[in-house]
*Asks:* 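My questions all concern the structure below.
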Amino acid sequence: MNITRENLDALNAVVKVDIAKEDYSDKVEKILTDYRKTANIPGFRKGHVPMGMVKKQYGKAVLVDEVNKLLQDALNKYLTEEKLDVLGQPLPKTQDAIDWDAEGFSFEFELGLAPEFEVDLKNKKAITQYNIVADDKMIDEQIENIQKQYGKLVSQDVVEKESEITGTYKNEEHEIENTISLTTDKFKEKTTAKKFIGAKPGDVISLETKGLYDDEHDLMHALKVSHDKVHGLDIPVTFTITEINKRELADLDQELFDKLFGKDVVKSVTELKAKIKEDAEKQFVQQADQKLLNDVTEYLVDNTKFDLPAEFLQKWLQTAGEQPLDTDQAKEEYEKSEKSLRYQLIEGKLITDNNIQVTIEDIKGHAKEMIKGQMAQFGQLNPSEKELDDIAARVLSNQDEARRISEQLISQKLLNLYKEKANLKVKEVTYENFVKEAYSKK
């Protein structure tokens, strides 16, 4: 067997594989001999079928199968030994009908080669790294929500601004009848809320669905209609009030603190605010890190310049999926996936250049920390190492889950690399301003 390569340019090559008779003849002969021992052909006893008849019936199929196996094994071994970084898969070049009666065979494959490039993390314009803080306004709102959640309902005779109103939306023609509880601040217009103020149980409020809520999903929930039906819905509905309550805020006392965090973990309003701030800012770190990861990724894709074997990749896409694509479809698919492919190559380069590795111990340790967190939510605060090891083993027996954790760890290590080496500017913002600044531009 002989394998040669012709580099057409930096991104494209052709590999030629020449297979001689001595490469496959012994294997084919052995398989046919085994067939002869078990062949069941009318007129002959098992094991006594003439070899010529076996070759005539099975010879070509066995030859084709063995040559193809030999070809794939040889090609894969060659790519590994030559350390060729190929994109997609080798594409067999079209050739005239193969003469399977010949003494030897030649096959050619097109290769798309990964480009050579460097990744520069020292961006000239600094990328913003957000430090999101919980301000007093957010903390006070969170405390009020807690007080409402743990407070008690007090019955009222008339609707006030803060009332919780239970009633039924109805429209007989459209078969709408749904009972819900609501507060007037959910309505889009203040004029709608005013219709409820002063109303009593038994009163019927006439409304129009158009512009009733800011979000159509709220209207869909209120009327209990399908997503298709709610879109552009413009009909009259009535709301019959059946119950009016006011939620009396829970006292900020030790009983409430213990319900929230466990006995004596928090002992004052000051400690409560500090705890809420700490917990909120832990969650904000994940959002800020994800934003930074997205921004650095976008920068790298836009500013790391290299060519791709686009023509080869489009040709490969025509046959790579479950359904074959024509030329135009493959071009469209390539254009949609090019940015993702570029980042995969950039990420691979960063991982190699910075020796970023994830070991099985890393994956197991991360899985155990995840399990500990989940168990803590259900009150199991001190699981044994054996419990954690056993559960982690079950989780990681799922290859998809193990791969997902590995990818998470790689992302975290890349994020640490960006924080260490990229040109970043730290900006402290409240969560409200983070949302406005980071996402309103998109």
*Asks:* Quick test of your reading of the model: are Lys275 and Glu271 salt-bridged, counting only N-O distances below 4.0 Å?
*Replies:* no
*Asks:* Can you see which heavy atom on Leu63 is nearest to which on Trp100, and at what distance?
*Replies:* CD2-O, 3.2 Å
*Asks:* State, yes or no, whether a side-chain contact exists between Leu32 and Tyr58 at a heavy-atom distance under 4.5 Å.
*Replies:* yes
*Asks:* Just jot down the side-chain hydrogen bond (donor to acceptor under 3.5 Å, both in side chains) partners of Asp120, sequence neighbours excluded, or say none.
*Replies:* none
*Asks:* So, Asp362 and Lys413, do they make that salt bridge, N to O below 4.0 Å?
*Replies:* yes
*Asks:* Is there a side-chain contact between Leu121 and Leu417 in this structure, where contact means two heavy atoms from C-beta onward sitting under 4.5 Å apart?
*Replies:* yes
*Asks:* In terms of side-chain geometry, is the basic nitrogen of Asp389 or Lys364 positioned less than 4.0 Å from the acidic oxygen of its partner?
*Replies:* yes
*Asks:* Going by an N to O cut-off under 4.0 Å, is there a salt bridge joining Asp135 and Lys277?
*Replies:* no
*Asks:* For Asp101 and Lys60: C-alpha separation, side-chain torsions, deciding distance, then whether side-chain contact (heavy atoms from CB on, under 4.5 Å) applies.
*Replies:* CA-CA 8 Å; Asp101 293 322; Lys60 187 160 291 186; 3.9 Å; yes
*Asks:* Can you tell me how far apart CZ (Phe257) and NZ (Lys267) are? Round to the nearest 0.5 Å.
*Replies:* 12.0 Å
*Asks:* Going by the salt bridge (Lys or Arg N to Asp or Glu O under 4.0 Å) test, which pairs reach into residues 398-412, not counting sequence neighbours?
*Replies:* Asp400-Arg403, Glu401-Arg404
*Asks:* Can you check side-chain contact (heavy atoms from CB on, under 4.5 Å) on Ile410 and Ile356, steps first, answer last?
*Replies:* CA-CA 8 Å; Ile410 288 287; Ile356 293 174; 4.0 Å; yes
*Asks:* Is any side-chain N of the basic residue among Asp26 and Lys30 closer than 4.0 Å to the acidic one's carboxylate O?
*Replies:* no
*Asks:* Could you go through the side-chain contact (heavy atoms from CB on, under 4.5 Å) check for Val429 and Asn131 one step at a time?
*Replies:* CA-CA 6 Å; Val429 292; Asn131 176 27; over 6 Å; no
*Asks:* Just by distance, do the side chain of Asn171 and the backbone of Val237 share a donor-acceptor pair under 3.5 Å?
*Replies:* no
*Asks:* Please report the C-alpha distance between Glu437 and Tyr130 in whole Å, then the side-chain angles of each, then the deciding distance to 0.1 Å, and finally whether the side chain to side chain donor-acceptor pair (under 3.5 Å) criterion is met.
*Replies:* CA-CA 10 Å; Glu437 186 171 326; Tyr130 290 97; 3.1 Å; yes
*Asks:* Out of the candidates Leu70, Thr80, Val15, only one should pair with Leu75 under the side-chain contact (heavy atoms from CB on, under 4.5 Å) rule; please name it.
*Replies:* Val15
*Asks:* For the residue pair Tyr24 and Phe105, categorise the inter-ring angle as parallel (less than 30°), tilted (30 to 60°) or perpendicular (more than 60°).
*Replies:* tilted
*Asks:* If we count only N and O atoms by modelled type, under 3.5 Å, do the side chains of Tyr431 and Gln287 hold a donor and an acceptor together?
*Replies:* yes
*Asks:* Hey, are Asp140 and Lys273 close enough for a salt bridge, meaning a charged N less than 4.0 Å from a carboxylate O?
*Replies:* yes
*Asks:* Tell me, do Gln142 and Ile139 make a side-chain contact under 4.5 Å, heavy atoms counted?
*Replies:* no
*Asks:* Do Glu6 and Lys16 sit within salt-bridge range, that is, some charged N less than 4.0 Å from a carboxylate O?
*Replies:* no
*Asks:* Check this for me: does any side-chain nitrogen of one of Lys69 and Asp65 sit under 4.0 Å from a carboxylate oxygen of the other?
*Replies:* yes
*Asks:* Is any side-chain heavy atom of Tyr150 closer than 4.5 Å to one of Asn145?
*Replies:* no
*Asks:* Begin from the C-alpha positions of Asn355 and Gln357 and carry the test side chain to side chain donor-acceptor pair (under 3.5 Å) through to its verdict.
*Replies:* CA-CA 6 Å; Asn355 195 29; Gln357 297 178 357; 3.0 Å; yes
*Asks:* Could you name each residue pair satisfying side-chain hydrogen bond (donor to acceptor under 3.5 Å, both in side chains) that touches residues 305-326, not counting sequence neighbours?
*Replies:* Glu110-Lys315
*Asks:* Walk me through whether Gln412 and Asn416 qualify under side chain to side chain donor-acceptor pair (under 3.5 Å).
*Replies:* CA-CA 6 Å; Gln412 186 58 53; Asn416 294 340; 3.2 Å; yes
*Asks:* Is any side-chain heavy atom of Leu84 closer than 4.5 Å to a side-chain heavy atom of Tyr78?
*Replies:* yes
*Asks:* Below 30° counts as parallel, above 60° as perpendicular, anything between as tilted: where do the rings of Tyr213 and Tyr169 land?
*Replies:* perpendicular
*Asks:* Set out, in order, the CA-CA distance, both residues' side-chain angles and the distance that settles side chain to side chain donor-acceptor pair (under 3.5 Å) for Thr183 and Asp185, then state yes or no.
*Replies:* CA-CA 6 Å; Thr183 53; Asp185 60 335; 2.5 Å; yes
*Asks:* Just wondering, do Lys170 and Glu172 contact through their side chains at under 4.5 Å, heavy atoms?
*Replies:* yes
